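Written below as structure tokens is the structure these notes are about.
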Amino acid sequence: YPVLLALGLPPLAANVTNTMALVFTSAGSVIGARPELAGQRGRALRLCAITAAGGAAGAAALLLAPASAFAVVVPVLIAGASVLLLLQPRLRRLSPRPADGQHSGGQHSGGQPRDGQPRDGQPRPRPSGRLLLAVFAAAVYIGYFGAAGGVVLLAVLSMMFAEPLIRVNALKNVVSGAANAVAAIAFALFAPVDWAVVPLLSAGFLLGGMAGPPLARRLPVTALRLLVAATGLAMAVRLGLSAYR
């Protein structure tokens with residue numbers, strides 16, 4: 001998104017063009033994060049239904065709202081998402097009920113239970129309604145503003161699932177794809193997409209989705225979370241300086 005702004009695209013056009021290409025991040029992640037996605041098919045399908053609805057709502061809000069409001073609100077949204085991710089460990093401890101998929105081990109292995117089911121056969125705790133509503137809200141954000149939307153969704157999913165961040169991040173990449181795909185359809189029909197840029201962006205996102213998970217496996221969880229949050233805050237400052245000066 002900042003690169004598109006630097007190339008001279010207006011904020012709204014940069015956003016919708018970026019969202020069109022972001023769909024390919026999910027495709028690349030499915031290829032690159034197969035070990036982390038193992039056993040999460042049912043969970044992903046349930047969440048994709050929620051994020052697809054949220055993505056449609058966010059895209060509608062973007063298309064119906066004045067374009068001038070977009071540039072003003074975006075820095076606040078990105079900064080809030082980054083702070084939420086920084087606070088994620090504390091917020092998870094405040095969750096009123098156990099997280100879905102909470103079981104010993106965490107990292108995927110050959111003995112990983114299917115779909116995160118505990119090995120002892122006990123019923124899996126379901127996410128609370130508030131957390132599912134938070135997933136919908138994060139998807140609205142993604143449909144409205146694709147860039148850094150993954151930071152919001154990652155923070156929410158990290159509170160829902162007591163599993164390694166890399167595994168939750170792989171799930172995030174898949175379910176955010178549902179929100180991006182629905183929004184992309186709306187933008188292709190009704191928004192000022194710069195189609196000349198989309199193929200290059202799509203290729204980069206596809207390769208990034210494939211290469212990101214192997215790189216993330218080698219990073220400490222805390223370092224990965226801080227890196228994502230710091231990048232989001234830097235983007236918020238950069239965009240805020242442009243929007244508010």
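These values consider heavy atoms only, across backbone and side chains, with no hydrogens, waters or symmetry-generated copies. Predicted model, so just to flag it, every value in this text is computed and none were measured. The residues of the chain are indexed from 1 along the displayed sequence.
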| query | Checking side chain to side chain contact (heavy atoms under 4.5 Å, CB included) for the pair Ile142/Val152: CA distance, chi angles, key distance, verdict? | reply | CA-CA 8 Å; Ile142 291 172; Val152 180; over 6 Å; no
| request: Let me see the working for Phe161 and Arg167 under side chain to side chain contact (heavy atoms under 4.5 Å, CB included), right down to the final yes or no. | output: CA-CA 10 Å; Phe161 305 120; Arg167 185 166 160 84; over 6 Å; no
State, to 0.1 Å, how close [X] and [Y] come at their nearest heavy-atom pair, and which atoms those are.
X	Y	answer
Val198	Ala21	O-CB, 4.2 Å
Pro75	Ala243	CG-CB, 4.3 Å
Val168	Leu154	CG1-CD1, 4.1 Å
Pro35	Gly32	CD-O, 4.5 Å
Val182	Gly55	CG1-C, 4.4 Å
Ala53	Phe136	C-CE1, 3.7 Å

Report whether [X] and [Y] are members of the same hydrophobic cluster (ILVMFWY, side-chain heavy atoms less than 4.5 Å apart, transitive linking).
X	Y	result
Val16	Met235	yes
Val156	Leu165	yes
Leu171	Leu132	yes
Leu77	Val237	no
Phe187	Phe24	no

| said: Can you list everything that forms a side chain to side chain contact (heavy atoms under 4.5 Å, CB included) with Leu86? Sequence neighbours excluded, please. | reply: Leu226, Ala229, Leu233
| request: Mind checking side chain to side chain contact (heavy atoms under 4.5 Å, CB included) for Ala170 and listing every partner two or more places apart, or none if nothing turns up? | output: Ala33, Glu36, Leu37
Rounded at 0.5 Å granularity, tell me how far [atom1] in [X] sits from [atom2] in [Y].
X	Y	atom1	atom2	answer
Leu206	Ile31	CG	CD1	6.0 Å
Leu87	Ser158	CG	OG	12.5 Å
Arg43	Met160	CZ	CE	8.5 Å
Asn15	Leu4	CG	CG	9.5 Å

| task | Just grab all the ring-ring contact (aromatic ring centres under 6.0 Å, His included) pairs involving residues 54-75, residues at least two apart or on different chains. | result | Phe70-Tyr144, Phe70-Phe145
| said: If the test is side chain to side chain contact (heavy atoms under 4.5 Å, CB included), which one of Val174, Leu157, Leu153 qualifies with Leu47? | reply: Leu157
Do [X] side-chain atoms and [Y] backbone N/O form a donor-acceptor pair below 3.5 Å?
X	Y	answer
Ser29	Thr25	no
Arg225	Ala155	no
Thr17	Asp194	yes
Thr51	Val175	yes

| Please walk me through it: do Thr19 and Tyr1 pass side chain to side chain contact (heavy atoms under 4.5 Å, CB included)? | CA-CA 9 Å; Thr19 296; Tyr1 178 75; over 6 Å; no
| CA sep, side-chain torsions, deciding dist, call: Leu239, Leu5, side chain to side chain contact (heavy atoms under 4.5 Å, CB included) | CA-CA 10 Å; Leu239 297 177; Leu5 293 179; 3.3 Å; yes
